[in-house]
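These values consider heavy atoms only, across backbone and side chains, with no hydrogens, waters or symmetry-generated copies. Note that the coordinates shown come from a computational prediction; the quantities given were computed from them, not determined experimentally. Labels below follow one simple rule: chain letters A, B, ... track the order of the sequence lines, proteins then strands, and each chain is numbered from 1.
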Amino acid sequence: MKTIVICGATATGKSDLAVSLANEIDAEIINADSMQLYRGMDIGTAKLTAAERGGIPHHLLDVLDVTEDATVAWYQSAARDAISDIHARGKNTVIVGGTGLYIKAILDDLNFPDTDPLVRERLNKEAEDFGVAKLFERLQLLDPAAAAAINIQNVRRVIRALEVIEITGQPFTANLPREDSSKYPDAMQFGLVMDREKLTERIDARVDLMWERGLVAEVDALIAEGITKATTARRALGYAQVISMRSGEISEELAKEETKRATRQYARRQETWFSRDARIQWISPIQPRLETVLEKINSRSK
RNA sequence: GGCGGGUUGCCCGAGCGGCCAAUGGGAGGGGACUGUAAAUCCCCCGGCUCUGCCUUCGAAGGUUCAAAUCCUUCACCCGCCA
């Protein structure tokens, strides 16, 4: 059974390609977008409507309330279970999304050590009270390799490293493995690219459309459901901006502009992330996407 | 018409005779990345034949060994008085 990944920056047209591809190769789709996991976050995440999904079953889509926080570890096992299930039913799998770490967590041999809210909370408090420098010093002592790889300013990562060391008694692996640890050696990854100017245009247009379609109302509904108390969902592009607009911090016009700006920056980070995975086969903007992907898949299976 | 304040690099905004190509922030570009990843963090950011040189701080003159910083005139913007 095939495992195909469609990745790339936001607004490059991944979702549509995934559906048409799934149709062609008798596949089901697994969402690899950290924000499309949430129910009710539809307009702002550019989630495909039921009609647009064209009857293709989508997994890991609409599976969490906005008050629940997704984590990579949870996603990893849920996604792998979904793949096993799909393959067991004799279908192929298409994984689509822009969350690089999530895709990598599925494909590669990443083991996420446990987490402990209490330990984390204590470390957080320590960082606030005494500063990260203090914590970083400890990290240097306990795990020089991790300290060398993590920037002292990156509080979140310093804390996580210390948390892992404390819970497991083992050093923290601070670097992701590169391409040599695949759990699904037959998986094929395809990346969609677009030149910056074109992408910026598409992002701007998409954000305008989100507003027209009622993003503000969507966020209002989620605020009522408690999204502001969540730690993950409320940071989503567009949602964070509308939330701060509703709290009176910024105007609606600014919220919209900021959403476009933040989305542009996000797209850049995505490109950086995906660009380091040599396994990805990039589909250039001038190539017919579906045809090119099908061709590559077929030539591989021969 | 009179008096006062302002004009700084793509934008906002410090600087107020030498240590200034000029603090900060934003935008833009590059990069990192193992339980918040649409997150978090780092680097670059006038030009060049790049341990130095050249062109920048509204414009044009001037003072000085030396000016974004002082003086003069002009242009535009802002406030108060008419």
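- Legend: residues meeting side chain to side chain donor-acceptor pair (under 3.5 Å) with A:Gln265, ordered by chain and number and at least two apart, are A:Arg261.
- Here the P atom of nucleotide B:A27 and the CZ atom of A:Arg264 are 9 Å apart, to the nearest Å.
- Residues meeting the salt bridge (charged side-chain N to carboxylate O under 4.0 Å, His left out) test with A:Arg122, sequence neighbours left out: A:Glu166.
- By the side chain to side chain donor-acceptor pair (under 3.5 Å) test, A:Gln153 is found to be paired with no residue, residues two or more places apart in sequence or in another chain being considered.
- Within residues 192-205 of chain A, the residues approaching RNA chain B are A:Arg196, by heavy-atom distance under 4.0 Å.
- Every side chain to side chain donor-acceptor pair (under 3.5 Å) that A:Thr49 has, sequence neighbours left out, goes to A:Glu52.
- At the heavy-atom level, A:Gly100 lies nowhere under 4.0 Å from the strands shown.
- Every pair passing ring-ring contact (aromatic ring centres under 6.0 Å, His included) that includes a residue from residues 80-103 of chain A is listed here, sequence neighbours excluded: A:Tyr75-A:Tyr102.
- No contact: A:Ala105 has no heavy atom under 4.0 Å from any strand.
- Summarising the geometry, the separation between CD on A:Gln265 and C1' on B:G30 is reported as 13 Å, rounded to the nearest angstrom.
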**Asked** Taking only Watson-Crick and G-U wobble pairs with both distances under 3.5 Å, what dot-bracket line describes RNA chain B, where [ ] shows pairs that cross earlier ones and | shows pairs with another strand?
**Response** ((((((((.[[[..)..(.....]]].(((((.......))))).(((...)))...[[[[[..)....]]]]]))))))).

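- If you chain together ILVMFWY residues whose side-chain heavy atoms come under 4.5 Å of each other, A:Tyr266 ends up grouped with A:Leu237.
- Distances shorter than 4.0 Å separate none of the side-chain N or O atoms of A:Thr71 from OP1 or OP2 on B:U36.
- If you check every strand for non-hydrogen atoms under 4.0 Å, A:Glu163 touches nothing.
- Minimum atom distance to the side chain of A:Thr232 is reached by B:U36, of the listed B:A38, B:A27, B:U36.
- Among the heavy atoms of the strands lying under 4.0 Å from A:Trp273 is at least one base atom, whether or not backbone atoms are also near.
- Nucleic acid contact class of A:Arg160 (heavy atoms, under 4.0 Å, all strands): base.
- Listed by first and then second residue, the salt bridge (charged side-chain N to carboxylate O under 4.0 Å, His left out) pairs that reach into residues 181-207 of chain A are A:Arg196-A:Glu271, sequence neighbours excluded.
- Judged by distance alone, with hydrogens and angles left aside, the side-chain atoms of A:Arg53 form a donor-acceptor pair with the main-chain N or O of A:Leu48 at under 3.5 Å.
- B:U36 atom P lies 16 Å from atom OH of A:Tyr266, rounded to whole Å.
- A close approach under 4.0 Å does not occur between any side-chain nitrogen or oxygen of A:Thr272 and OP1 or OP2 of B:G30.
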Is there any protein nitrogen or oxygen under 3.5 Å from a nitrogen or oxygen in nucleotides 41-45 of chain B, and what are the pairs?
unit_1 : atom_1 : unit_2   : atom_2 : d
B:C41  : O4'    : A:Asn154 : ND2    : 3.2

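- With sequence neighbours left out, the salt bridge (charged side-chain N to carboxylate O under 4.0 Å, His left out) criterion links A:Arg235 to no other residue.
- Between the OH atom of A:Tyr239 and the P atom of B:A38 there is a distance of 14 Å, given to the nearest Å.
- When the nucleotides B:G30, B:A37, B:A38 are ranked by their closest atom to the side chain of A:Arg268, B:G30 comes out on top.
- With sequence neighbours left out, A:Asn175 forms a side chain to side chain contact (heavy atoms under 4.5 Å, CB included) with A:Ala149.
- For B:U36, one of the phosphate oxygens OP1 or OP2 lies less than 4.0 angstrom from a side-chain nitrogen or oxygen of A:Arg120.
- Looking at A:Lys47, its side chain does come within 3.5 Å of a backbone N or O of A:Tyr38 through a donor-acceptor pair.
- Not one side-chain nitrogen or oxygen of A:Gln36 sits closer than 4.0 Å to the OP1 or OP2 atom of B:A38.
- Considering only side-chain atoms of A:Ser34, the nucleotide from B:A38, B:A32, B:A27 that sits closest is B:A38.
- Without hydrogens or angle criteria, A:Lys260 side chain to A:Ile203 main chain gives no donor-acceptor distance under 3.5 Å.
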